[in-house]
Protein chains: 2
Amino acid sequence: MAIYSKEDIITLLQEAGLRVTHHRTSVLSFLVKQRAPVTVYEMIDSLRKKEGIDQATVYRNLTSLQEAGLIKRSDFNHGHAHYEFETGRPSHQLVCNNCETIEKIDGISIDDTVKKMLKKSKKFKRTTTHSMEIYGLCKSCA
Amino acid sequence: MAIYSKEDIITLLQEAGLRVTHHRTSVLSFLVKQRAPVTVYEMIDSLRKKEGIDQATVYRNLTSLQEAGLIKRSDFNHGHAHYEFETGRPSHQLVCNNCETIEKIDGISIDDTVKKMLKKSKKFKRTTTHSMEIYGLCKSCA
DNA sequence: AGTTTCTTGCAAATAACTCGCGTTTTTATT
DNA sequence: AATAAAAACGCGAGTTATTTGCAAGAAACT
Ligand SMILES: [Mn+2]
Ligand SMILES: [Mn+2]
Ligand SMILES: [Zn+2]
Ligand SMILES: [Zn+2]
């Protein structure tokens, strides 16, 4: 997962047209290191302790990074947001209905299905992103 | 959409093992009439005006109905919940990133993809529900 | 270096729920 | 139909998640 150096992060921000601030770099670096979506709470907790970043700053950077397409938000019907780094490759999630377990599964594309949906649509001509989430009980909760 | 009579609603509640209260029947009836997911705000607004139902009651009934599998919750990364009647047939959504437009597309199954996901999973043996949402700008916002 | 524009911290505000508890309704049982 | 137990309700207060206003600080442009 450490395939992104600090310089890579900076390049990503610049190419996205975002200012390279210390805090924004930290927020994106944090997400690059994760294996699954993390809650905003976890990010605030970690980033405040380690670098003294304020929660408002974390929220504002998450918003700007998402608008730039660098990270992906998923609520999982939990009533709070989770974020993960956007790799550009297909990735979807299995979500436990009982605990906070979220398993990412990479490499399964649903582009064909998305195309079918778009063909049937009356209100959309094109789309930009999509998400697929599968819910159930994880092995330890079952 | 008026294929569900009041008696049908009552039967659904009974078969789900839920008490048939006046308010719970109203909440489920309301959702049966919709063509797309609606926000909790809209439901509270309508049900309070028409029948004087309290917001806590709306929330509690939405929770019990969802746990019974009669309705489906989707947050759409909006930071608030939306609900729709669960028909049991495949149905997914196109969501506008700018306005509140949500278009339901029925009849496209993703069960095969879900199976593929489950096969790759290490933490889940089986799952119960799934959701697929496609994001972009609707025609009027594009 | 100077200027503009964006970002940040802090505290306060708002939005979206959730809870405690006394009262009422539903359902099961006589 | 009356009775009792269990679940649901209304209301007000509380909590959680997120947003905002504003003055000060940092980044980018010239
Ligand atoms: Mn969560
Ligand atoms: Mn919404
Ligand atoms: Zn679990
Ligand atoms: Zn729109």
Side-chain angles (χ1 to χ4, degrees), chain A residues 6-7 9-30 37-68 70-71 73-83 100, chain B residues 6-7 9-30 37-68 70-71 73-83 100:
Chain A
K6 184 144 195 169
E7 286 70 42
I9 302 284
I10 291 174
T11 305
L12 284 172
L13 293 175
Q14 287 171 333
E15 288 178 344
L18 292 175
R19 282 197 182 187
V20 181
T21 70
H22 188 229
H23 291 350
R24 183 171 286 148
T25 310
S26 295
V27 171
L28 185 53
S29 297
F30 180 94
V38 291
T39 62
V40 179
Y41 175 82
E42 291 174 280
M43 302 195 64
I44 290 172
D45 193 53
S46 166
L47 292 166
R48 187 172 41 72
K49 274 184 194 150
K50 253 189 299 197
E51 324 195 25
I53 306 181
D54 188 76
Q55 63 161 349
T57 301
V58 174
Y59 275 109
R60 289 191 271 235
N61 277 314
L62 288 171
T63 301
S64 62
L65 289 168
Q66 199 222 335
E67 284 170 354
L70 294 174
I71 63 176
R73 171 176 173 165
S74 306
D75 284 5
F76 301 124
N77 306 336
H78 283 191
H80 53 249
H82 312 68
Y83 287 92
E100 279 285 330
Chain B
K6 183 141 194 167
E7 286 70 41
I9 303 284
I10 290 174
T11 306
L12 284 173
L13 293 175
Q14 286 171 334
E15 288 178 344
L18 292 176
R19 286 198 178 189
V20 182
T21 71
H22 190 230
H23 291 349
R24 183 172 285 148
T25 310
S26 296
V27 171
L28 186 53
S29 298
F30 180 95
V38 292
T39 62
V40 179
Y41 176 82
E42 291 174 278
M43 304 195 63
I44 290 172
D45 193 52
S46 166
L47 293 166
R48 188 172 40 72
K49 274 184 194 151
K50 253 189 298 197
E51 325 194 26
I53 307 182
D54 189 75
Q55 65 160 348
T57 301
V58 175
Y59 276 109
R60 288 190 271 234
N61 276 314
L62 288 171
T63 301
S64 61
L65 290 168
Q66 199 222 339
E67 284 171 354
L70 294 173
I71 63 176
R73 171 177 173 165
S74 306
D75 284 6
F76 300 125
N77 306 336
H78 284 191
H80 54 249
H82 311 69
Y83 288 91
E100 279 285 331

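Just so we're on the same page: letters track the sequence lines, and every chain starts at 1. The figures here come from the full heavy-atom set of this structure, side chains too, leaving out hydrogens, waters and symmetry mates.
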Between [atom2] of [N] and [atom1] of [X], the distance in whole Å:
{"X": "Asn61(B)", "N": "dC17(C)", "atom1": "CG", "atom2": "C1'", "result": "15 Å"}
{"X": "Arg60(A)", "N": "dA11(C)", "atom1": "CZ", "atom2": "C1'", "result": "12 Å"}
{"X": "Arg19(B)", "N": "dA5(D)", "atom1": "CZ", "atom2": "P", "result": "13 Å"}
{"X": "Asp54(A)", "N": "dC22(D)", "atom1": "CG", "atom2": "P", "result": "18 Å"}
{"X": "His80(A)", "N": "dT19(D)", "atom1": "NE2", "atom2": "P", "result": "14 Å"}
{"X": "Tyr83(A)", "N": "dA17(D)", "atom1": "OH", "atom2": "P", "result": "14 Å"}
{"X": "Gln55(B)", "N": "dA15(C)", "atom1": "CD", "atom2": "P", "result": "13 Å"}
{"X": "His78(A)", "N": "dA16(C)", "atom1": "NE2", "atom2": "C1'", "result": "16 Å"}

Within the 4.5 Å heavy-atom criterion, are [X] and [Y] side-chain neighbours or not?
{"X": "Thr39(B)", "Y": "Glu100(B)", "value": "yes"}
{"X": "Tyr83(B)", "Y": "Leu65(B)", "value": "no"}
{"X": "Tyr41(A)", "Y": "His80(A)", "value": "no"}
{"X": "Gln66(A)", "Y": "Asn77(B)", "value": "no"}

Step through it carefully: locate the ring centre of His82(B), locate the ring centre of Phe76(B), and say whether they are under 6.0 Å apart.
yes
Taking for each residue the nucleotide of DNA chain C with the nearest heavy atom, is it Gly52(A) or Val40(B) whose nucleotide lies nearer the 5' end?
Gly52(A)
At less than 4.0 Å, is any side-chain N or O atom of [X] found next to OP1 or OP2 of [N]? Yes or no.
{"X": "Thr21(B)", "N": "dA7(D)", "result": "no"}
{"X": "Tyr59(B)", "N": "dT18(C)", "result": "no"}
{"X": "His23(B)", "N": "dG10(D)", "result": "yes"}
{"X": "Thr57(B)", "N": "dG10(D)", "result": "yes"}
{"X": "Arg24(A)", "N": "dT7(C)", "result": "yes"}

Upstream residue (5' side of DNA chain D) when Ala56(A) and Tyr41(A) are each assigned their closest nucleotide
Tyr41(A)
